[in-house]
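First comes the structure, then the notes that go with it.
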Amino acid sequence: MKTASFALFGAKPAFDKPLLIGQLYFPSWERYETAFRGIFERQYYNNNGPLHEELEEKLQQFLGVKHAICVSNATYGLMMVADAMELSGKVILPSFSFAASAQSLSWAGLEPVFCDIDPDTHQIAIDQISALIDGGVSGIMGVNLWGGACNPKAIADLAASNGIQLYFDSADAFGCTVDGVRIGNFGRAEVFSFDATKILSATEGGCICTNDDDLAARLRSIRPSYGADKPVNIVRVVNARMSEAQAAIALMSLEDFPANQKNNEALYRLYEAQLNAIPGLHLVRPSGVDFSNYQYLVCRLDEHEFGLPRDLLIEILRAENVVARRYCYPGMHRSIPYAQELPQYLDQLPNTDSLCASCIQFPIGALVSAQDVERICSILDRAHQASAEIHARYEK
Ligand SMILES: *Cc1c(COP(=O)(O)O)cnc(C)c1O
């Protein structure tokens, strides 16, 4: 029986413990100790401490951007930008993104306008944006997805010619470059996530980048540093500060970015070589960048070529302790509350719907080894070879 070797049917799992998706980078214990001893000696935890200041400066240098404003996570960052840019009414964004992209608009009192995506790059379909622009639209939120970019220059031209604002959710794109320019420099602002699963980790955190002094001042006063800055005339504040402990970890992670990027790229190449030989698993290349962080490893699964439906493959892998995932599922336009509140998008986004049904993410990051990739690809290959038997046995 070809199926006997699968954990789904009772065999021993290929991995002893779950192999998760995400960067999940842990510096050596000695480095934590040194960094946290400093915090202990200074007895200073938050509110623009020395590590926080050092992190903002180093991010500005690394990204070549005038202002890097650290925040407690990217979701707050996106909410703050929407507020600081004084957006009103509606904002266009791709439906194929992490829920926080649209949720940040709702929190800022704005209505999302969902745009479809390009079926090859999975980035926002630029040729469909114009048709969505009307008098109620005040801005575009580009999303630089999956270590790639959504052609920020072309979107900037489009926004400028329509007199609307532009910013980016760049949570997936830290360190990537477009024509030699680091992401972080496009639009009026860009927001990065330093969540533990992202390539730059503060365990939880993020940063807003802008080259606009006025916007930076507004953002700094929305993220208050009580007592330190002179109050600016901003109605709403949200405590979105990053602590010294988070900044300490982000500084170590920034120092190790080159090594982590190289490791991810090497794993990506391994996946690429091995997946090539498996029918139906089409690797998504980071699009629109000349340097990628390879933060995610994403495939589109062609069910007929591969022989098994995506969700069954995920079950097979999970039984082996490989935590493969659907991403952005089922698409923001199909999730609560948007499916009920904005039903007009339900039949408007065929490329998003088709990708949501076929997209699968595999582990990549600091905790994944070359051997792990080989083992994962061997499971995938065996699953393809045994697809008919798996089907038959699973349906019993
Ligand atoms: C991770 C992610 C976010 C959310 O980041 P947080 O720091 O967890 O708030 C937003 N958008 C995209 C595209 C992401 O991948």
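Indexing begins at 1, ligand by ligand and atom by atom, following the structure's order.
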Heavy-atom nearest neighbour in the protein, as seen from atom 2 (C) of ligand 1, with distance rounded to 0.1 Å: K198 NZ, 3.0 Å

Flag, side chain of S253 to backbone of A250, donor-acceptor distance under 3.5 Å: no

For S97, the ligand 1 atoms whose distance to one of its heavy atoms is below 4.0 Å: 13 (C)

S193 N/O under 3.5 Å from ligand 1 N/O: yes

Under-4.0 Å heavy-atom contact with ligand 1, by part of D169 that carries it: side chain

Smallest separation among heavy atoms of Y345 and H333, with atom names: O-CD2, 3.5 Å

D172, portion touching ligand 1 at heavy-atom distance under 4.0 Å: side chain

Nearest-neighbour protein heavy atom for atom 14 (C) of ligand 1, which is reported as residue plus atom name and distance: A171 CB, 3.3 Å

Heavy-atom nearest option to atom 4 (C) of ligand 1, drawn from Y296, Y327, F98, F194: F98

Carboxylate-amine/guanidinium proximity below 4.0 Å for R285 and E272: yes

Reported SG-to-CZ distance for the pair C207 and F194, which is rounded to 0.5 angstrom: 4.0 Å

E190 side chain to G184 backbone, donor-acceptor under 3.5 Å: yes

R300 side-chain N/O to L281 backbone N/O, donor-acceptor pair under 3.5 Å: no

For A74, the ligand 1 atoms whose distance to one of its heavy atoms is below 4.0 Å: 5 (O), 6 (P), 7 (O), 9 (O)

Enumerated ligand 1 atoms positioned under 4.0 Å from heavy atoms of G205: 7 (O)

Donor-acceptor under 3.5 Å (N185 side chain, R182 main chain): yes

contact_flag E204 ligand 1 heavy-atom lt 4.0 Å: no

For atom 9 (O) of ligand 1, the protein heavy atom that lies nearest, with its residue and separation: T75 OG1, 2.6 Å

Shared hydrophobic cluster for F40 and Y44 (ILVMFWY, side-chain gaps under 4.5 Å): no

Proximity flag G206 to ligand 1, non-hydrogen atoms under 4.0 Å: no

